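Reviewing the structure listed below.
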Amino acid sequence: MHHWLRIAALPVLLALGAASAAPAPAISYELAPVLQGDAIAALEVTIRLRADKSGVTTLDWADGWAGEDKLGQWARDIRIQGGTSATPAPHGGRIVRSAPGAPLVMRYRIVSAYDADPSVADSEQARPVVRPGWFYSVGEILYARPVGRDDAPARFAWKGPAGIGFASDTEHSTGLGGRPRSVGDILESIAIGGRDLSVTTIMVKGAPVRVAHVGRFGFDVRAFDRLAGEVVAVERDFWRETGAGPFLITAIPLASMPGRLSYGGTGRSDAFATWIDRDAPLSGLGWLLAHEYFHSWNARQLGRFPETAEAEAYWLSEGFTDFYARRLMLRAGLWTPEKFAADWNEMLRAYAASSFRTAGNVEAAAKFWTGGQDAEKIPYQRGSMLAALWDRQLQAKGLGDLDTVLRAQRDRLRGAAELPRLTDAFAAEMDRAGLDIRPDVDRYLARGEPLFLPEDAFGACARLVTADVPVFDRGWDNAATQRAGNVLTGVDPASNAYAAGLRDGMKILRRTAGEPGNSTVDFVVEVQDGATKRSVTFRPAGGKTLRTQQIVLDSARFAAEPETCKAALAG
């Protein structure tokens, strides 16, 4: 009889086997505000899941993100239900022992890294912001992860009360036309909310693009929303992207400081976040939007970062992204040729003066998070210049251009089970196009030789002029001055600033002329000198010189052939 039952039951057993192979129940993430009266005091996270089959489940934060290696430090009051014991995990989470597959619940609060609104002098993307009226965080900080299960299916729910708005790309699987979420998607997300949250939805080529912001800005936020939509449309056209899913852009304000202007962003797979100086003009934000949105492709669809020393690939992931932010802003008509040239020239001056200009890529990458602004900016600068160099070489040899190479690289890797290393994939694609970049990689990246672009790098209507110019020197200790609240500190008696009458103890109210990094035009600053306000003019030039390049537009040709020249400048 048993033999007969086994034979007869075989189809049923197979069906049961197929059912057992179905995906495990989704890991559930919930987020809610913790209120004290009407004020938001913290964020409550609840994670529900089944324990690992081994009976040992580690719920912890990742090793690090964006230069921060203590991602769990803002978690408080961690509670575990369903386990027999819980011990501390390496990054602040818990190692839970339980029956295999037992239902587990982890709860904790995320507190703010800031006691006041973040400012241009103190803003880090890796730090959560919880203010009485609003909040913001990236998922890497908010959410602990069941280690080893980043690919597991996940779902998300916002549990906030009426009156506190919320926006996150975790919502893209819940009615906004997105795909199913995984734990990795929850981690790589943004969360923003508050009582004055504003969300605008723009349809771009049939897909919703939401723009969410809190707080006050110095520009018209509706104009910012429209600009965001234009940038998204331009870049989707560039990549010839069809069938794009929903996307989220968030913006939070940074408290301003006299004499400083700051904004930055962080790219996600289906979103990006921006932190913007409250006094920033809208005219400077198109480039930020273009840079961050380009990260939806570079490097996400072009290859993977190295397992260690990720910054060694930033010359391509960040430098090329800067190159295309400028190029596409010009092509779209969102920048004038003059603005395009001015932005390149500012970068070229900074590259010429960089203390990391001759540092090899490995050395510079090792200092990316700790070596100051020069170490942080060198991969952006070198990568932009290499993109311009190779784009011109491809065109000069009749091999197409960099646009076609990157699109071919994206198409070749679409749907790949495992992406190759980003830099290897690019070198291989350039080989297919017919240009060997290895000598340039060895020369300018490995050995850190100074890079000078060819005179015609930007077409026939512009030329790159190489000249020796004085080093840029404000004449005071700028870092110490900023720390002192813009009170002049360390004014050099041998400087032009001192000769013009600036002294320690005066307070800079604002700069009305001049360009940081440009020693060839006058600085004009308004200062408070005791009871007197006055304007001081001087040339911010030091005694030494450096060799730099600058783009000079052929104004006569631009006047005669504006569209032809613009097209040549934009590649």
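One-based numbering along the sequence shown. As the structure is a prediction and not an experimental result, all values here were calculated from the model.
- A salt bridge links E140 with R268: at least one charged nitrogen is closer than 4.0 Å to a carboxylate oxygen.
- Across all their heavy atoms, A271 and I190 have their closest contact at CB-CD1, 3.8 Å.
- Contact check for D322 versus R326: side-chain heavy atoms found under the 4.5 Å cut-off.
- Taking every heavy atom of both residues into account, L394 and L402 meet most closely at CD1-N, 3.6 Å.
- Applying salt bridge (charged side-chain N to carboxylate O under 4.0 Å, His left out) to R145 and the options D60, D150, D63, D151 leaves one that passes, D150.
- For D374 and K367, the salt-bridge test fails: no basic side-chain N is under 4.0 Å from an acidic carboxylate O.
- A side-chain N or O of S269 and one of E188 form a donor-acceptor pair less than 3.5 Å apart.
- Taking the six-membered ring for Trp and the full ring otherwise, F294 and W239 have centroids separated by under 6.0 Å.
- Below 30°, between 30° and 60°, or above 60°: for F458 and F340 the angle between ring planes is above 60°, a perpendicular geometry.
- You'll find the side chain of L386 reaches within 4.5 Å of the side chain of L445, heavy atoms only.
- Without hydrogens or angle criteria, R300 side chain to H295 main chain gives a donor-acceptor distance under 3.5 Å.
- Here the side chain of S354 pairs no donor or acceptor atom with the backbone of A350 at under 3.5 angstrom.
- Y351 and Y444 have their aromatic ring centers separated by at least 6.0 angstrom.
- A donor-acceptor pair under 3.5 Å is formed between the side chain of Q409 and the backbone N or O of L302.
- Side chain of S168 to main chain of T170: a donor-acceptor pair is present (N/O by atom type, distance under 3.5 Å, no hydrogens or angles).
- Using bins of under 30°, 30° to 60° and over 60° for the plane-to-plane angle, the ring pair F320/W315 lands in the perpendicular bin.
- Between the side chain of T57 and the backbone N or O of A51, no donor-acceptor pair lies under 3.5 Å.
- Listed for the R432 side chain is no donor-acceptor partner under 3.5 Å among the backbone atoms of A408.
- Using a cutoff of 4.0 Å between basic side-chain nitrogens and carboxylate oxygens, R240 and D411 are not scored as salt-bridged.
- With sequence neighbours left out, W61 forms a ring pair (Phe, Tyr, Trp, His ring centres under 6.0 Å) with Y108.
- Within the 6.0 Å centre-distance limit, the rings of W158 and F135 are counted as a close aromatic pair.
- Distance alone, capped at 3.5 Å, places no donor-acceptor pair between the Q395 side chain and the D401 backbone.
- For R109 (side chain) and R107 (main-chain N/O), no donor-acceptor pair under 3.5 Å exists by modelled atom type.
- The nearest pair of heavy atoms linking L71 to W74 is O-CE3, 4.0 Å.
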Inset, instruction - Kindly indicate, with the supporting measurements, whether the criterion ring-ring contact (aromatic ring centres under 6.0 Å, His included) is fulfilled by F156 and F166. - result: CA-CA 13 Å; F156 174 85; F166 178 75; 5.8 Å; yes
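- I80 and A86 make their closest contact through CG1-CB, 4.2 Å (heavy atoms, listed as atom of the first residue, atom of the second, distance).
- Residues S384 and W344 share a closest heavy-atom pair of O-CH2, 3.5 Å.
- At distances below 3.5 Å, not a single donor-acceptor pair connects side-chain atoms of D169 with backbone N or O atoms of D270.
- D185 places a side-chain N or O within donor-acceptor distance of the main-chain N or O of S182, the cut-off being under 3.5 Å.
- By the 4.5 Å heavy-atom criterion applied to side chains, F247 and S296 are counted as neighbours.
- Both tests do not hold together for R382 against Y314: distance to the six-membered ring centre under 6.0 Å, angle to the ring axis within 45°.
- Between V45 and L142, the shortest heavy-atom distance links the atoms CG2-O, 3.7 Å.
- For W297 and E241, the side-chain atoms include at least one donor-acceptor pair closer than 3.5 Å.
- Between W275 and Y136, the ring center distance clears the sub-6.0 Å criterion.
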